[in-house]
Structures are given as C-alpha cells and as structure tokens.
*Asks:* 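The structure is given below, and queries will be raised subsequently.
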Amino acid sequence: RRGKLAQHSVMSPRIDKERCTACGTCIKWCPKDAVSLVEKKADIDGARCIGCGECLAVCREGAVMFDWGRESRVLQEMMAEYVKGVSTLLEGRIFFFNFLLDITKNCDCMNGGPRVSNDIGIAASADIVAVEKASYDIFHRENKKPIQALTYPRVNPLLQVEHAAHLGLGFLEYELVSL
C-alpha cells in the first residue's frame with residue numbers, strides 16, 4: 001500500500017461540483033483529512049492531499065476527477081520501477097500472467113466499469129515486458145483498435161512497457177505461441 005501511495009502521490013484530484021452530492025463518503029475515507037465540505041460540496045485541500053485516490057475509489061457519483069494524462073508518464077515509469085524492485089528480489093522465481101478477460105476502461109480498484117472488449121484469453125511469460133507488449137498487440141488485433149482508443153485516448157499505455165524494457169526487465173520483441 002505504501003508503494004501505491006507513492007506512485008499516485010503526484011496526482012492531484014479535484015471535485016466536480018456539479019456531480020458532488022455532499023454525501024461525505026470521501027471525507028470519511030480520506031486518510032489525511034484533506035477533504036471537507038465547503039458551501040455544501042466536497043473540497044480537497046491540495047496541501048494535505050497525498051494523491052492516494054481513496055476519494056476517487058469511494059465516490060459513487062463520479063465527482064472526484066483526476067487528470068490521468070497529465071502525470072501519466074511519471075506514474076507509469078514508477079510502476080515499472082516498482083516491478084523492477086520486486087523482480088530483482090524474486091529473480092528466477094517469478095512468472096507473469098495477463099488475463100485478457102473482463103477488460104474495462106478503469107482499474108479494478110475503481111470497480112472497472114463497462115467492458116471495452118470481449119474476453120480474449122491469457123498471456124503468460126517469464127518476461128514481463130514481452131507479456132505486456134503481447135497483451136497490448138493482441139488487444140489491438142482482436143478489437144481493430146488500440147486499447148487507448150476505447151479507454152483513455154490521451155494516455156499512452158506503452159510508456160510503462162517501454163520504460164520497463166529500458167530498465168532491463170525484458171524485451172519488446174517476442175514470439176507469440178498459441179496453445
């Protein structure tokens with residue numbers, strides 16, 4: 001959890017006042033008491049906010065907004081760096097699976113949302129870069145569009161894959177073997 005907070009700490013959420021119903025759920029869940037009611041709407045104190053995303057995860061009205069594209073490169077590079085740390089610790093004892101099933105626009109931690117693809121299958125490899133790149137390519141082939149065209153067009157999902165390759169976690173080139 002500490003790593004997830006550090007990764008997201010560069011993010012700055014804001015409240016869409018039109019959607020906010022002042023239910024107070026975000027206030028209760030904020031670990032740093034950065035959310036309060038101001039003029040009957042939730043308000044986030046940027047000085048106290050640590051960017052953890054708890055408010056986003058619990059808001060049922062969709063009133064908490066993040067500009068995911070703005071800091072996307074930093075977040076994605078940090079994700080690859082955390083993988084590097086774990087992979088180094090578990091070197092020779094780690095294998096990667098991507099389940100291309102129930103693919104939604106949002107992260108599972110945000111309740112996913114509606115599906116953007118039919119189920120495709122499972123990709124697996126001892127090379128995390130290859131399995132991620134293959135998953136991206138397979139999605140594109142099956143849907144005739146890259147995943148960002150159906151999710152967040154301004155976000156390049158390959159940033160973390162390319163950074164992981166740069167860190168020496170694996171290779172962008174792969175051989176696809178269907179079973």
Side-chain angles (χ1 to χ4, degrees), residues 1-87 96-120 122-123 128 131-132 135-136 139 143 145-161 163-164:
R1 181 154 172 89
R2 187 176 309 139
K4 184 177 179 181
L5 286 174
Q7 288 175 25
H8 287 279
S9 67
V10 297
M11 303 292 196
S12 301
R14 65 176 179 80
I15 302 294
D16 180 338
K17 304 295 182 185
E18 299 283 322
R19 291 182 168 187
C20 181
T21 62
C23 69
T25 303
C26 56
I27 295 168
K28 292 176 192 169
W29 280 90
C30 180
K32 292 296 182 180
D33 296 321
V35 187
S36 61
L37 286 182
V38 175
E39 297 179 13
K40 298 183 182 178
K41 299 291 179 179
D43 186 67
I44 299 172
D45 178 350
R48 295 183 81 156
C49 177
I50 59 172
C52 67
E54 288 291 336
C55 53
L56 176 70
V58 300
C59 182
R60 292 187 179 167
E61 304 303 323
V64 180
M65 312 301 281
F66 274 85
D67 183 354
W68 296 107
R70 187 181 62 200
E71 293 109 350
S72 176
R73 175 176 294 281
V74 173
L75 174 63
Q76 290 192 58
E77 287 178 355
M78 288 180 81
M79 289 169 65
E81 290 159 7
Y82 273 83
V83 169
K84 173 76 173 175
V86 171
S87 295
F96 305 95
F97 294 89
N98 269 1
F99 290 81
L100 303 169
L101 310 169
D102 295 323
I103 302 170
T104 61
K105 178 179 179 176
N106 296 317
C107 175
D108 293 343
C109 66
M110 295 169 33
N111 296 326
R115 296 170 82 180
V116 295
S117 173
N118 291 326
D119 289 345
I120 298 171
I122 301 170
I128 191 169
V131 80
E132 290 290 336
S135 297
Y136 177 85
F139 181 97
N143 291 285
K145 294 179 183 178
I147 192 167
Q148 66 268 32
L150 300 171
T151 56
Y152 293 95
R154 295 182 327 152
V155 175
N156 177 359
L158 290 177
L159 289 174
Q160 67 184 329
V161 179
H163 189 61

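Note: hydrogens, waters and symmetry copies are ignored here, and every other heavy atom, side chains too, is used. Keep in mind that what you see is a predicted model, and the values were worked out from it rather than measured.
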*Asks:* Are the side chains of L100 and S135 in contact, using a 4.5 Å heavy-atom criterion?
*Replies:* yes
*Asks:* Do L159 and E77 have side chains that approach each other closer than 4.5 Å (heavy atoms only, starting at C-beta)?
*Replies:*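 Heavy-atom side-chain distance check fails, nothing below 4.5 Å.
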*Asks:* Please give me the minimum heavy-atom distance between V64 and P13, naming the atom from each residue.
*Replies:* CG1-CB, 3.9 Å
*Asks:* Would you check if E54 and P31 make a side-chain contact, meaning some heavy-atom pair closer than 4.5 Å?
*Replies:*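 Side-chain contact under 4.5 Å: yes.
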*Asks:* Can you check whether D119's main-chain N or O pairs, donor with acceptor, with D102's side chain at less than 3.5 Å?
*Replies:* no
*Asks:* Who are the side chain to side chain donor-acceptor pair (under 3.5 Å) partners of D16, not counting sequence neighbours?
*Replies:*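 Result, side chain to side chain donor-acceptor pair (under 3.5 Å) vs D16: none returned.
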*Asks:* Report the distance from atom CG of L56 to atom CD1 of I15, rounding to the nearest 0.5 Å.
*Replies:* 9.5 Å
*Asks:* Which atoms form the tightest heavy-atom contact between T151 and T104, and what is the distance?
*Replies:*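 Nearest heavy atoms, T151 then T104: CG2-O, 4.3 Å.
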*Asks:* Do F97 and I122 have side-chain heavy atoms sitting under 4.5 Å apart?
*Replies:*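 Contact flag for F97/I122 side chains = yes.
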*Asks:* Less than 4.5 Å apart, side chain to side chain, heavy atoms only: is that true for Y136 and N98?
*Replies:*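 Y136 vs N98: side chains apart.
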*Asks:* Between G62 and M65, which heavy-atom pair has the shortest distance, and what is it?
*Replies:*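 Closest heavy-atom pair between G62 and M65: O-SD, 3.5 Å.
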*Asks:* Going by atom type alone, with no hydrogens or angles, which donor-acceptor pairs under 3.5 Å involve a side-chain atom of residues 37-49 and a protein atom two or more places apart or on another chain?
*Replies:*
| unit_1 | atom_1 | unit_2 | atom_2 | d |
| --- | --- | --- | --- | --- |
| K41 | NZ | K17 | O | 3.3 |
| K41 | NZ | C20 | O | 2.7 |
| D45 | OD1 | A47 | N | 3.0 |
| R48 | NE | K32 | O | 3.4 |

*Asks:* For the residue pair I120 and I103, establish whether any side-chain heavy-atom pair is separated by less than 4.5 Å.
*Replies:* yes
*Asks:* With a 3.5 Å distance limit and no angle check, can you tell me whether Q76 reaches the backbone of H163 through a side-chain donor-acceptor pair?
*Replies:* no
*Asks:* How close do V161 and E132 get, counting heavy atoms only, and between which atoms?
*Replies:* CG2-CB, 3.7 Å
